[in-house]
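These notes are about the structure you will find just below.
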Amino acid sequence: MKLIYYLISPVLYFFAFKNSPEISLPGAWKQVSGNLTTVVLLQDGYFTSTTYTPESFKETRGGVYKVEGNNILVHQEYNTAEKELKTEIIPFKLINNKLHINDRQYEQLDNGQASLAGVWKITGRMVDGTINELQQRGTRKTLKLLTGTRFHWFAIDPDGNKFSGTGGGTYTFRNGKYTENIEFFSRDSSRIGVSLTFDDHLDNGKWHHTGLSSKGDKIYEIWEKVPSVFPGMNAQ
């Protein structure tokens, strides 16, 4: 049976790790075609795939994944390019340490190793000097996925494939200073190229994120790692 790759041609090149000890699954991957760049992030069972130009955001999709043999199973939680969310089985092959899916070839940007690498969910925010726990409402959530060098935040509601916004690019975290360099921003293209620096630290597994937002507003946020649960599987 012939597989349909329409959805994740940019998402699933990453599975070279099964064929080569030099390529591991977690991390960031990139494919460039003309002025379009597609970056796929894979970390702790989550993936995102985003396409953008130097001037504008184009589309993004993401969700959870697992590997079975030489195939990757992907279950979407959001997709700005399609109305229906899907679960797909996609084969891969590795040639000369490049991951090939159909006629696409991808290179690895990092291997997902860093102190902040993971999938984070915002769980608290300081208001008037007091940190307030955010209450979960339905299936709506804001996540931030970090690999070794890349970040990607996205506000979504998997129930109905609702999408509120996204942004991402590269980041560094050294000596308590966390800096984001924005390469795409769905709500406002004028933010592209902006760098934001925050005073951040980890405390008992919680990421304390303080500074000024891209709008210039003071923020103090608490983020916590979340597990990946593929449909039909229990959390590890």
Side-chain angles (χ1 to χ4, degrees), residues 26 28 41-48 50 57 60-64 76-78 80 112-188 191 194-230 233-236:
L41 306 186
L42 300 156
Q43 197 74 39
D44 297 352
Y46 275 85
F47 78 88
T48 65
T50 306
F57 163 82
T60 185
R61 65 204 76 191
V64 296
Q76 294 182 344
E77 291 190 342
Y78 75 96
T80 64
Q113 298 298 311
S115 59
L116 285 180
V119 184
W120 301 84
K121 180 179 179 180
I122 186 169
T123 58
R125 182 176 287 117
M126 183 174 286
V127 179
D128 297 328
T130 301
I131 295 179
N132 297 322
E133 183 177 347
L134 300 182
Q135 300 300 316
Q136 176 71 44
R137 296 180 179 178
T139 57
R140 189 185 187 284
K141 56 187 174 182
T142 296
L143 300 180
K144 182 175 284 192
L145 193 161
L146 274 71
T147 63
T149 61
R150 309 281 307 194
F151 79 95
H152 182 191
W153 69 264
F154 44 101
I156 62 170
D157 187 340
D159 184 9
N161 189 20
K162 301 180 183 71
F163 171 81
S164 299
T166 193
T170 63
Y171 81 93
T172 59
F173 181 47
R174 301 186 185 93
N175 301 319
K177 297 293 183 181
Y178 170 80
T179 300
E180 293 183 344
N181 307 296
I182 300 173
E183 293 186 358
F184 61 88
F185 198 99
S186 64
R187 296 170 178 169
D188 184 356
R191 309 279 173 82
V194 172
S195 293
L196 302 172
T197 298
F198 304 86
D199 293 313
D200 288 14
H201 68 277
L202 294 172
D203 183 8
N204 292 324
K206 296 183 179 182
W207 175 14
H208 292 247
H209 180 68
T210 65
L212 298 178
S213 72
S214 58
K215 294 181 179 180
D217 300 326
K218 285 186 177 182
I219 60 173
Y220 190 131
E221 299 171 340
I222 307 296
W223 296 72
E224 297 183 48
K225 284 189 175 181
V226 296
S228 162
V229 181
F230 198 88
M233 296 176 61
N234 295 323
Q236 299 294 315

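All heavy atoms count here, side chains included; hydrogens, waters and symmetry mates do not. This one's a predicted model, so the numbers in the text were calculated from it and none came from an experiment. Residue numbers start at 1 and run along the sequence shown.
A117 approaches G112 most closely through the heavy-atom pair CB-O, 3.3 Å. Shortest non-hydrogen contact noted between G211 and F198 is CA-CD2, 3.8 Å. In plain terms, the two heavy atoms of P158 and T139 that are nearest each other are CD-O, 3.2 Å. Considering all non-hydrogen atoms of both residues, W223 and L143 come closest at CZ3-C, 4.0 Å. Taking each heavy atom of I156 and Y78 in turn, the nearest pair found is CG2-CG, 3.6 Å. Among all heavy-atom pairs drawn from I219 and S213, the shortest one is CG2-CB, 4.1 Å.
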*Mind running side-chain contact (heavy atoms from CB on, under 4.5 Å) on V119 and V226 for me, showing each step along the way?*
CA-CA 6 Å; V119 184; V226 296; 3.7 Å; yes
*Are F173 and W207 close enough, and set up right, to give a side-chain contact (heavy atoms from CB on, under 4.5 Å), and what steps lead you there?*
CA-CA 12 Å; F173 181 47; W207 175 14; 5.8 Å; no
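Between I131 and R125 the shortest side-chain heavy-atom distance does not fall below 4.5 Å. The closest side-chain heavy-atom distance from E133 to T123 is not below 4.5 Å. Inter-residue side-chain proximity for F185 and W153 is flagged as met; some heavy-atom pair is nearer than 4.5 Å. Residues L202 and L116 form a side-chain contact, since some pair of their non-hydrogen atoms from C-beta on lies under 4.5 Å apart. Proximity of T50 to F57: side-chain heavy atoms (C-beta onward) are separated by under 4.5 Å at one or more points. H152 has its side chain within reach of T166: a pair of non-hydrogen atoms, C-beta onward, lies under 4.5 Å apart. For the pair R150 and E183, the minimum side-chain heavy-atom distance is below 4.5 Å.
Checking each of D200, T197, D199 against K177 for a side-chain hydrogen bond (donor to acceptor under 3.5 Å, both in side chains) leaves exactly one that passes, namely D199. The only option from L212, I182, T179 that meets the side-chain contact (heavy atoms from CB on, under 4.5 Å) definition with L196 turns out to be I182.
For the atom pair OG1 of T147 and CD of Q113, the computed distance is 10.5 Å after rounding to the nearest 0.5 Å. To the nearest 0.5 Å, atom CZ of residue F154 and atom OG1 of residue T48 are 6.0 Å apart. Note that OG1 of T210 is 8.0 Å distant from NE2 of H201, once rounded to the nearest 0.5 Å. Rounded to the nearest 0.5 angstrom, L134 CG and K141 NZ are separated by 15.0 Å. Atom CZ of R140 sits about 13.0 Å away from atom CG of D159, to the nearest 0.5 Å.
Of the possible polar contacts, one joining the R187 side chain to the S164 backbone as a donor-acceptor pair under 3.5 Å is found. One N or O on the side chain of T80 and one on the backbone of T60 form a donor-acceptor pair closer than 3.5 Å.
We find that E221 and K144 are not joined by a salt bridge, their nearest charged nitrogen and carboxylate oxygen being 4.0 Å or further apart.
For D44 and S228, the side-chain atoms include no donor-acceptor pair closer than 3.5 Å.
The aromatic rings of Y178 and H209 stand perpendicular to each other, their planes meeting at an angle above 60°, with 30° marking the opposite boundary.
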